[in-house]
Amino acid sequence: MFHALSDNTRRRMLRDLADGERTVGQLAEPFAMSLAAASKHIKVLESAGLIRREVRGRTHLCRLDPGPLSNAQRWLTFYEAFWTDRLSVLDRLLRESPLPAPPTTDKDADP
């Protein structure tokens, strides 16, 4: 799923599908790409389970399937909390630690 979400074109297609179903042509329209190229992006989104495609005659209609996104959100939320806790501990430790004295050089030595 994260591979599918890594591409800006596919993320934009998902945003468009959030407003309702679209044909492959409608999904391709905002981009300078062929229907074949749009279809490749759509296949990646389908493989990730993020969209469903329905064929009505010669028209391919796509709709968003938000279920996998909620699974990803739960996974990301866990790691967000994990790293927030770790970074909070690091911040506290750094604030509690005295700053080390700057190193002395020969210039700082008494003559």
Practice item. For Ser70 and Gly67, indicate whether the former's side chain and the latter's backbone hold a donor-acceptor pair under 3.5 Å. Key: yes
To the closest 0.5 Å, what do you measure between [atom1] ([X]) and [atom2] ([Y])?
{"X": "Ile42", "Y": "His60", "atom1": "CD1", "atom2": "NE2", "value": "9.5 Å"}
{"X": "Leu87", "Y": "Arg92", "atom1": "CG", "atom2": "CZ", "value": "13.0 Å"}
{"X": "Arg15", "Y": "Leu64", "atom1": "CZ", "atom2": "CG", "value": "12.0 Å"}
{"X": "Leu17", "Y": "Arg63", "atom1": "CG", "atom2": "CZ", "value": "10.0 Å"}
{"X": "Leu35", "Y": "Glu29", "atom1": "CG", "atom2": "CD", "value": "10.5 Å"}
{"X": "Gln26", "Y": "Cys62", "atom1": "CD", "atom2": "SG", "value": "9.5 Å"}

Study note, to complete from the structure: Result for side chain to side chain donor-acceptor pair (under 3.5 Å) between Thr77 and one of Arg74, Glu80, Gln73 points to Gln73
Can you name the nearest heavy-atom pair linking [X] to [Y], along with the distance?
{"X": "Ala28", "Y": "Ser34", "answer": "CB-O, 4.5 Å"}
{"X": "Gly49", "Y": "Pro68", "answer": "O-CG, 3.1 Å"}
{"X": "Arg11", "Y": "Leu5", "answer": "NH1-O, 2.8 Å"}

Review point. Quick one: do Glu54 and Arg52 make a salt bridge, cutoff under 4.0 Å?
Key: no
Between [X] and [Y], is there a shared hydrophobic cluster once you connect ILVMFWY residues whose side-chain heavy atoms come closer than 4.5 Å?
{"X": "Ile51", "Y": "Phe31", "answer": "yes"}
{"X": "Leu14", "Y": "Val44", "answer": "no"}
{"X": "Phe78", "Y": "Leu76", "answer": "yes"}

Taking the side chain as C-beta and beyond, is there a heavy-atom pair between [X] and [Y] under 4.5 Å?
{"X": "Arg53", "Y": "Lys43", "answer": "yes"}
{"X": "Met33", "Y": "His41", "answer": "yes"}
{"X": "Asp16", "Y": "Pro30", "answer": "yes"}
{"X": "Arg10", "Y": "His3", "answer": "yes"}

**Study point:** Phe82 and Tyr79 aromatic ring geometry - parallel, tilted or perpendicular at 30°/60° bounds
**Key:** perpendicular
